[in-house]
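One structure below.
The structure presented is a predicted model; accordingly, all values stated were derived computationally and were not measured. Chain A is the first sequence line, chain B the second, and so forth, proteins listed ahead of strands; every chain is numbered from 1.
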Amino acid sequence: MKGLKERMKYRFLDIEKKWQTYWDEHQTFRTHDSSDRPKIYILDMFPYPSGAGLHVGHPEGYTATDILCRYRRMKGFDVLHPMGWDAFGLPAERYAMQTNIHPRATTEENISTFRRQIKMLGLSYDWSREINTTDPKYYKWTQWIFLKIYNSWFDPRANKAKPIETLEEELSAKGTAGLNVDQPFTALEWEKKSRKEQHDFLAKYRLAYLAEIPVNWCEGLGTVLANEEVAEWTEKGYTVERRPMRQWMMRITAYAERLLEDARELDWPVSTMEQQRNWIGRSEGAEIDFPINGRTEGLRVFTTRADTLFGATYMVLAPEHPLVEALTVPELRKTVGDYRTQAARKSELERGIEKDKTGVFIGAYAVNPATGKEIPIWIADYVLMGYGTGAIMAVPGHDERDAEFAKKFNLPIIQVVDGGPEAPEIFIDDGVGMNSSSGEISLDGLPTAEAKKVIAAWLQQKRLGKATVQFKLRDWLFSRQRYWGEPIPIVHLEDGTMTALPESELPLLLPDLKKFQPSGTTESPLALATDWVNVTDGKTGMKGRRETNTMPQWAGSCWYYLRFIDPANPDVFCSAEKERYWMPIDLYVGGSEHAVLHLMYARFWHKLLFDLGYVSTKEPFTRLRHQGIILGEDSRKMSKSRGNVVNPDDVIGQYGADAMRLFEMFMGPLEEMKPWNTRGVEGVFRFLSRVWRLFVDEAGNLNPSIVDKAPGPDFERLFHQTVKKVGEDIDGLRFNTAISQLMIFLNEAMKLEKLPRKELEQFVLLLSPLAPHLGEELWELLGHKTSLAYEAWPAFDPAKTVEDMVEVVLQVNGKVRGKLLVPQGTDDKELERLAHEESNIQRHVAGKKVLRTIVVKNKLVNVVIGS
RNA sequence: GCCGAAGUGGCGGAACUGGUAGACGCGCUGGACUCAAAAUCCAGUCUGGCUUACACCAGGUGGGGGUUCGAGUCCCCCCUUCGGCACCA
């Protein structure tokens, strides 16, 4: 008795194991390159394999893309859907410092866990393409790309990157004639320069370069951080200080305009686009040179409000501004010096928190080019060296920060823009010019936009300035003081020059360390591997020292999507032919926490590779979606301390992978934040069990009620509606509504005595992308010998989706007063007549005047009456 | 402070270009099966009024106003939540 009952049960664990093994053995999801079928490249952001294993957030995005992939395969597409590991990273290294276990070992172990957990979900990845950023066969190419970047420069005339040789050739041919440089030289002079001089000149143009800049040093982590990363770590309680250090940078700023411009064509979430736009921070304005008494060079400022030039009553330099030293009068050297050291100590964060303005007068004066008046020059830390020119003209009448400063230090405030009678004391918006005329120019009466143009033209003509564009984006700090990262393939030679490793020497392997300890300096632990560090340059015979910094974790993820296309190629990072077939990525799914960092860096590298001719598209990710965060059952963020973490292993053990998949998709829209709910998992599990019972009888055989028979008209219509809706919803990533349609279909099917075989088979196909294990099992039970993964997706007949009887709503003044069942397509006249016949309508219309009647075919009749 | 997204039953959420608000699921209530329970199945479930009942009526998509025959959907103002930026001149 019990045995029989056991057999009829939906035994998900056995079924799921069986099909996962089948897919593995048959290599069901192995992708073949370039056929004449349409292609689609669907990518998940590959995970960092942490020691904690998968959490329920990971499967959400992975399941979504998996469903779409399975669906598209059935629609006849070549689908590229790979998975890999972003495996360099700090946690494994920190663990190594505590235990001396090599990060490689920890990483391998974590990857096994992740792989096992991901495979349990039944995701249809092509595992033959698995990649790992820490694999030398992979990072060889990360280093190769680094060299490409190092050996390139950005030609502003072409607005693109070019090999550095093109610059050398140009310099040899015609010197700096075609370039905009401070100290021009001729071709002959170039040839006469020493090896080091040439090297240093070129270094200023390379897209990867070393710079001594104030960086974000995090003592706790023993490394520097990119500006973009600071917030993340300070939130975790680490302190970050500004410290000048010599670091590798990438010239992402050269691409600011293109990163902004090309984003317009992308199908990305608006908030992500917005974040990127903010981060790039383009602003249009003007550069103006303020003459300084007794000096030939002026003081250059950037302003977005050149129209307020007449209101500039003083100037402010950033404390770090290079002219401060020269301009400060002797009597004030001490005060100014003290202020500068004080400001240098403060981190940028601290500067931001202290809203109270500080600053000191340096004793010098500039001339306002519009009024001809002398105005004092101050330094203050509210002006940042990193933005614009590091100097501003202060217009306290129309800028809140300047106003605050002016009030504190009793500097004159002049109003030069009329904001109308309602305007606040400090009016910062657009208005009409006033108090702005000299013998040469007048802005009085001009609207702000107009005034900006007039003043810009005047400045240009007087050679005092010009319209320019500024960006907030800064160059990308690319080096980290870590062991567990890609070594930078550069050697520093004893004459102070650098040499890049030839491609033939890649990969430059990480040396094996016996002990994983911090170097004790600001260098990475690699500095301790003296055998590795000290080298002799083959070409020059000079002694050299390897670069000990490694690349940031973002490096490997900047191009992994290209390696997936051709993962084992030993000769190139990705074959051009395959790249042209598969790129761009048609759908990219991952967390919104990567909105600026990863997504900006990857776009930057991609554009570089595009300029150098290695990829065929200017953008890598055409359509991007973020999965929403899954909260704990208590609607709060999942965390160990709250004890509300849901473990995927447990859920799968209890309800199966299909139920887990289905629930995560049924919870709500993919992108929304939503709470976990165990009852909800039970709900979808019940649905799957009901599907099982519909197909399988108590003895475990195919339900004998399934017969070769045409469906009734109502059921046939529902079938066609279901095919239509499920397909459309999967394409639109609306899995929750696709599932509810399948539920509706099942509910109706359960009511039938005899089940039409053809429709039920097709239903299995519709269900299969969402619950693939159950799908395969039922498909086999229905007598099919091979996997359904490449079965044709069911077709629907639009004509058969329409109801022949429709319910028409009867309204009086827009309020529902009755309903009517009429044949589809009943004409307006007839509907109107029927409406007026209906008793409840007559009751409401009685004694009133009918003004008009609005009829919407197949929808409603609205009788409009007077009072 | 600025920018962006979103507010719908007890809960997760549906509702195509303005046309029956609450699909589907959870929960809850009642019933069937059972010695009993679990599982399963059937019925009900926005709020209020009235009714034996069917029906009917009023209100209802964060709040207030507007456009419209008709608004969850469009416009204006306000409130709340989430995400981002934050002296960027």
*Do A:Arg603 and A:Trp268 meet the cation-pi criteria used here (NZ or CZ under 6.0 Å from the six-membered ring centre, within 45° of the axis)?*
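Satisfied, under 6.0 Å and within 45°.
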
Would you tabulate the pairs of protein nitrogen or oxygen atoms and nucleotide nitrogen or oxygen atoms of nucleotides 64-68 of chain B closer than 3.5 angstrom?
none

*RNA chain B: A:Asn747 or A:Asn862, which has the more 5' nearest nucleotide?*
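Counting from the 5' end, the first nearest nucleotide belongs to A:Asn747.
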
_Quick check: on RNA chain B, is the nucleotide nearest A:Val809 upstream (toward 5') of the one nearest A:Arg679, or the reverse? Name the residue that is more 5'._
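Mapping each residue to its closest nucleotide by heavy atoms, the 5'-most match is A:Val809.
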
Within the 4.0 Å heavy-atom criterion, would you say [X] contacts the bases, only the backbone, or no part of the nucleic acid?
| X | result |
| --- | --- |
| A:Ile744 | sugar-phosphate |
| A:His844 | sugar-phosphate |
| A:Arg277 | nothing |
| A:Asp402 | nothing |
| A:Gly388 | nothing |
| A:Ser283 | sugar-phosphate |
| A:Glu807 | base |
| A:Val864 | sugar-phosphate |
| A:Glu400 | nothing |

Once you round it to whole Å, what is the distance between [atom2] of [N] and [atom1] of [X]?
| X | N | atom1 | atom2 | result |
| --- | --- | --- | --- | --- |
| A:Leu694 | B:C41 | CG | P | 12 Å |
| A:Leu860 | B:G70 | CG | C1' | 8 Å |
| A:Arg636 | B:C11 | CZ | C1' | 18 Å |
| A:Gln811 | B:A21 | CD | C1' | 13 Å |
| A:Ile841 | B:C56 | CD1 | P | 10 Å |
| A:Lys674 | B:C82 | NZ | C1' | 14 Å |
| A:Leu597 | B:G84 | CG | P | 12 Å |
| A:Lys819 | B:G19 | NZ | C1' | 13 Å |

I'd like the [atom1] distance from [M] over to [N], given in whole Å.
| N | M | atom1 | value |
| --- | --- | --- | --- |
| B:U52 | B:C69 | P | 41 Å |
| B:A14 | B:C24 | C1' | 7 Å |
| B:G9 | B:A21 | C1' | 11 Å |
| B:G22 | B:U8 | C1' | 8 Å |
| B:C76 | B:U81 | P | 23 Å |
| B:A89 | B:C79 | P | 27 Å |
| B:A23 | B:G18 | P | 23 Å |

_For A:Ala256, side-chain contact (heavy atoms from CB on, under 4.5 Å) partners two or more places apart_ =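 Applying side-chain contact (heavy atoms from CB on, under 4.5 Å) to A:Ala256 gives A:Ile280, A:Phe471, A:Leu473.
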
*Determine, step by step, whether A:Arg690 and A:Asn747 satisfy the side chain to side chain donor-acceptor pair (under 3.5 Å) criterion, reporting the C-alpha distance in whole Å, the side-chain angles of both residues, the deciding distance to 0.1 Å, and the verdict.*
CA-CA 9 Å; A:Arg690 276 155 57 84; A:Asn747 290 345; 2.4 Å; yes

Please tell me which of the listed nucleotides, [options], lies nearest to the side chain of [X]?
| X | options | answer |
| --- | --- | --- |
| A:Pro675 | B:C57, B:G12, B:A89 | B:G12 |
| A:Gln275 | B:G83, B:C56, B:C24 | B:G83 |
| A:Arg686 | B:G27, B:G59, B:G19 | B:G27 |
| A:Phe666 | B:C24, B:U40, B:A89 | B:C24 |
| A:Arg690 | B:A89, B:C41, B:G70 | B:C41 |
| A:Met743 | B:C85, B:G25, B:U40 | B:G25 |

*Check each of A:Tyr655, A:Phe685, A:Trp692 against A:Phe12 using the ring-ring contact (aromatic ring centres under 6.0 Å, His included) test, and report the only one that passes.*
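Answer after filtering A:Tyr655, A:Phe685, A:Trp692: A:Phe685.
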
*asked:* For A:Glu400, is the CD atom crowded, meaning more than 12 foreign heavy atoms sit under 6.0 Å from it?
replied: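 No.
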
*asked:* Taking syn as a glycosidic torsion within 90° of 0 and anything else as anti, which one is B:G9?
replied: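 Classified syn.
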
Between [X] and [Y], do the side chains contain an N or O donor and an N or O acceptor separated by less than 3.5 Å?
| X | Y | result |
| --- | --- | --- |
| A:Asn644 | A:Asp634 | yes |
| A:Glu664 | A:Thr63 | no |
| A:Gln824 | A:Asn858 | yes |

_Stem list for RNA chain B, please, built from Watson-Crick and G-U wobble pairs under 3.5 Å and keeping only runs of at least 3._
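Correct response: B:1-7 with B:79-85, B:10-12 with B:24-26, B:27-32 with B:40-45, B:46-49 with B:56-59, B:62-66 with B:74-78.
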
_Parallel, tilted or perpendicular, judged at 30° and 60°: which one describes the rings of A:Phe695 and A:Phe763?_
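Rings of A:Phe695 and A:Phe763: parallel, under 30°.
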
*Can you say whether the rings of A:Phe405 and A:Trp378 are parallel (under 30°), tilted (30 to 60°) or perpendicular (over 60°)?*
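Rings of A:Phe405 and A:Trp378: perpendicular, over 60°.
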
_Residues forming a side chain to side chain donor-acceptor pair (under 3.5 Å) with A:Glu425, sequence neighbours excluded_ =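 Partners of A:Glu425 under the side chain to side chain donor-acceptor pair (under 3.5 Å) test: none.
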
Counting only N and O atoms by type, is there a donor-acceptor contact under 3.5 Å from the side chain of [X] to the main-chain atoms of [Y]?
| X | Y | value |
| --- | --- | --- |
| A:Ser639 | A:Arg642 | yes |
| A:Lys674 | A:Leu670 | yes |
| A:Asp381 | A:Gly359 | no |
| A:Asn368 | A:Ala312 | yes |
| A:Glu838 | A:Asn840 | yes |
| A:Asp729 | A:Phe735 | no |

*asked:* Is there a side-chain contact between A:Arg817 and the phosphate of B:U20, meaning an N or O under 4.0 Å from OP1 or OP2?
replied: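 No, A:Arg817 has no side-chain N/O under 4.0 Å of OP1/OP2 on B:U20.
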
_Is the phosphate of B:A89 approached by A:Lys357 (side-chain N or O, under 4.0 Å from OP1 or OP2)?_
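Indeed not, no polar side-chain atom of A:Lys357 lies that close.
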
I'd like a table of atom pairs between the protein and nucleotides 14-16 of chain B - only N or O on both sides, under 3.5 Å - with the distance next to each one.
| unit_1 | atom_1 | unit_2 | atom_2 | d |
| --- | --- | --- | --- | --- |
| B:A14 | OP1 | A:Asn736 | ND2 | 3.0 |

*How far apart are the C-alpha atoms of A:Thr389 and A:Glu287, what are their side-chain angles, what is the distance that settles it, and do they pass the side chain to side chain donor-acceptor pair (under 3.5 Å) test?*
CA-CA 9 Å; A:Thr389 61; A:Glu287 276 178 1; over 6 Å; no

Expected rows: protein N/O vs nucleotides 1-10 of chain B N/O, under 3.5 Å:
| unit_1 | atom_1 | unit_2 | atom_2 | d |
| --- | --- | --- | --- | --- |
| B:C3 | O2' | A:Glu274 | OE2 | 2.6 |

